[in-house]
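We name chains A, B, ... by the order of the sequence lines, and we start the count at 1 in each one.
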Number of protein chains: 2
Amino acid sequence: MDSDDQSPFGYDAFRRTCPSHTVLEMLASKWVYLVVCALRRGRLRNGELARKLEGITPKMLTQTLRVLERDGLVRREVFPVIPPRVEYELTELGQNLAGLLNQIRSWSEQHAPDIKDARARAEHGRDLVA
Amino acid sequence: MDSDDQSPFGYDAFRRTCPSHTVLEMLASKWVYLVVCALRRGRLRNGELARKLEGITPKMLTQTLRVLERDGLVRREVFPVIPPRVEYELTELGQNLAGLLNQIRSWSEQHAPDIKDARARAEHGRDLVA
DNA sequence: ATATATAGTTACCTCATGGATAGTGATGAC
DNA sequence: GTCATCACTATCCATGAGGTAACTATATAT
């Protein structure tokens with residue numbers, strides 16, 4: 001893909017026309033990555049998710065799941081019983097996204113050390129730079 | 001890569017130990033994607049970047065470039081002349097990141113339509129769902 | 001003397017994200 | 001009657017990312 005030239009520059013154009021923006025915006029959300037990872041192995045109930053995602057509040061869990069559902073990445077199934085039972089699972093699209101997350105993780109595992117090194121060099125600053 | 005089980009759950013653990021967090025955090029920044037794309041074709045001066053990235057303010061341009069420089073993705077070269085001349089270019093690591101951005105764009109181009117469809121379905125809501 | 005060009009700073013303000021906390025509804029167990 | 005369970009929902013509030021606008025320094029050109 002070398003068609004970078006047609007890419008919109010300027011943030012407004014980027015947001016309106018570049019598909020990457022949609023995805024990046026999702027991934028920027030604090031819990032999306034974790035929720036998708038948690039669901040990779042199969043369907044889970046709300047409570048199971050809440051326990052698995054240590055530190056998440058019910059509000060953020062629901063909010064995240066609603067966004068994911070709206071975007072077609074997660075399927076929500078409600079069992080009309082009492083007490084309530086609700087299960088969540090990745091759709092095909094969601095599993096596909098998990099694949100992208102693997103690519104990102106793979107890149108990160110390869111290169112995060114370089115970034116950390118650069119940060120360390122920048123932090124200790126010029127006392128080391130002759 | 002199937003080693004999802006060792007992945008930290010809970011946001012704090014994620015942040016401290018998962019390399020993906022470092023990268024995702026970067027990509028969440030509003031201008032990083034655009035700046036890296038702008039520099040893909042070669043080095044540019046500050047003013048050239050400012051003109052290319054329609055809508056960016058000098059503050060955000062500098063801020064973004066400083067972060068990228070600190071993380072070893074961008075090299076900054078200062079020419080001691082007046083008026084000042086400063087050029088920026090991607091490091092090898094930065095070009096590598098551009099590769100990841102291409103993967104993300106590729107995925108996005110393939111699947112963003114599905115996401116948009118899902119959103120449209122969610123918006124018009126249940127009046128269409130029998 | 002004044003204007004211009006370049007590459008930034010600096011101070012201030014706004015608004016969205018997300019955290020904290022408490023409340024809701026329905027039913028079966030005790 | 002009331003307590004527990006489960007899956008939320010509602011409300012308020014703090015933090016920080018990012019926007020706005022004005023200011024800086026220096027040498028050359030006029």
Side-chain angles (χ1 to χ4, degrees), chain A residues 9-15 21-36 38-39 43-71 74-89, chain B residues 9-15 21-36 38-39 43-71 74-89:
Chain A
F9 279 91
Y11 186 80
D12 287 345
F14 173 55
R15 169 162 42 137
H21 180 263
T22 309
V23 174
L24 254 13
E25 200 184 25
M26 272 199 355
L27 299 184
S29 165
K30 186 169 174 182
W31 292 98
V32 162
Y33 181 98
L34 268 344
V35 168
V36 172
L39 287 173
R43 51 167 49 203
L44 289 174
R45 299 184 58 175
N46 183 316
E48 293 172 323
L49 276 168
R51 260 166 267 123
K52 197 157 186 166
L53 302 169
E54 210 181 331
I56 199 172
T57 60
K59 176 194 160 190
M60 285 315 296
L61 180 53
T62 300
Q63 197 175 107
T64 306
L65 287 167
R66 289 289 133 82
V67 170
L68 257 20
E69 191 195 0
R70 182 203 58 177
D71 289 359
V74 159
R75 188 175 302 113
R76 177 169 179 265
E77 189 171 1
V78 183
F79 300 83
V81 296
I82 286 186
R85 174 184 190 88
V86 179
E87 290 185 0
Y88 294 94
E89 66 178 340
Chain B
F9 280 91
Y11 187 79
D12 286 346
F14 174 54
R15 168 161 41 138
H21 181 263
T22 309
V23 175
L24 255 13
E25 201 184 24
M26 271 199 356
L27 299 185
S29 166
K30 185 168 174 182
W31 293 99
V32 163
Y33 181 97
L34 267 345
V35 168
V36 172
L39 287 173
R43 51 166 49 201
L44 289 174
R45 300 183 58 174
N46 183 316
E48 294 171 322
L49 275 169
R51 261 167 267 124
K52 196 157 186 168
L53 301 169
E54 210 181 331
I56 200 172
T57 59
K59 176 194 160 191
M60 285 314 296
L61 180 54
T62 301
Q63 198 175 106
T64 306
L65 287 167
R66 289 289 134 81
V67 170
L68 258 19
E69 191 195 3
R70 182 203 59 176
D71 289 358
V74 159
R75 188 175 302 113
R76 176 169 181 266
E77 188 172 0
V78 183
F79 299 82
V81 295
I82 285 184
R85 175 185 190 89
V86 179
E87 290 184 359
Y88 294 94
E89 65 178 341

Discussion item. If you count every heavy atom of other residues, nucleotides or ligands that lies below 6.0 Å from B:E54 atom CD, does the total exceed 12?
Written reply: no

Worksheet item: side-chain contact (heavy atoms from CB on, under 4.5 Å) between A:L27 and B:L27: does it pass, once the steps are laid out?
Response: CA-CA 9 Å; A:L27 299 184; B:L27 299 185; over 6 Å; no

Worksheet item: In whole Å, what is the span from the NZ atom of A:K59 to the P atom of C:dG23?
Response: 17 Å

Item to complete: Sequence neighbours left out, what passes side-chain hydrogen bond (donor to acceptor under 3.5 Å, both in side chains) with B:E25? Give chain and number order.
Response: none

Discussion item. Nearest whole Å is fine: how far is C:dG8 P from B:M60 CE?
Written reply: 15 Å

Item to complete: Assign A:Y88 to base, sugar-phosphate, or nothing according to its heavy-atom contacts below 4.0 angstrom with the strands shown.
Response: sugar-phosphate

Worksheet entry | Nearest-angstrom distance from the residue atom CG of B:L61 to C1' of C:dT9 | 13 Å

Response to the item:
A:T57 has its side chain closest, among C:dA20, C:dG8, C:dA26, to C:dA20

Worksheet item: Any idea which of C:dT6, C:dG8, C:dG19 is nearest the B:T62 side chain?
Response: C:dG8

Worksheet, complete the sentence: B:Q63 CD to C:dA7 P, in whole Å, measures 19 Å

Fill in: Shortest non-hydrogen contact between B:V35 and B:L53, atoms and distance
CG2-CD1, 3.6 Å

Discussion item. Is it true that A:H21 and A:Y11 share a donor-acceptor pair across their side chains at a distance under 3.5 Å?
Written reply: yes

Fill in: Euclidean distance, A:L65 CG relative to A:R70 CZ, rounded to 0.5 Å
13.0 Å

Practice prompt. To the nearest Å, give me how far apart CG (B:L49) and P (C:dT6) are.
Written response: 14 Å

Item to complete: Provide, to the nearest angstrom, the distance between the CD1 atom belonging to B:I82 and the P atom belonging to C:dT6.
Response: 13 Å

Fill in: Contact nearer the 5' end of DNA chain D, comparing A:G47 with B:P84
A:G47

Worksheet item: Relative to the 5' end of DNA chain D, which residue comes earlier, A:E48 or A:Y11, by the nucleotide with the nearest heavy atom?
Response: A:E48

Practice prompt. On DNA chain D, reading 5' to 3', which nucleotide is the first and which the last to sit with an atom under 4.0 Å from a heavy atom of chain A, could you check?
Written response: D:dT5 to D:dT11

Response to the item:
Atom CG of A:L34 and atom P of C:dG18 are separated, to the nearest Å, by 12 Å

Item to complete: Looking only at side-chain atoms of B:V86, point me to the closest of C:dT9, C:dA5, C:dA7.
Response: C:dA7

Worksheet item: When all nucleic acid strands are considered with a 4.0 Å heavy-atom cut-off, which category describes A:F79: base, sugar-phosphate, or nothing?
Response: nothing

Discussion item. Tell me whether the side-chain N/O atoms of B:N46 come closer than 4.0 Å to OP1 or OP2 in C:dT6.
Written reply: no

Worksheet item: Of all the nucleotides listed (C:dG8, C:dA7, C:dT10), which has the minimum atom distance to the side chain of B:R76?
Response: C:dG8

Fill in: Spacing between A:K30 atom NZ and C:dA16 atom C1', to the nearest angstrom
14 Å

Item to complete: Name all residues meeting the salt bridge (charged side-chain N to carboxylate O under 4.0 Å, His left out) criterion together with A:E87; count only those two or more places apart in sequence or in a different chain, and write none if there are none.
Response: A:R43, A:R85

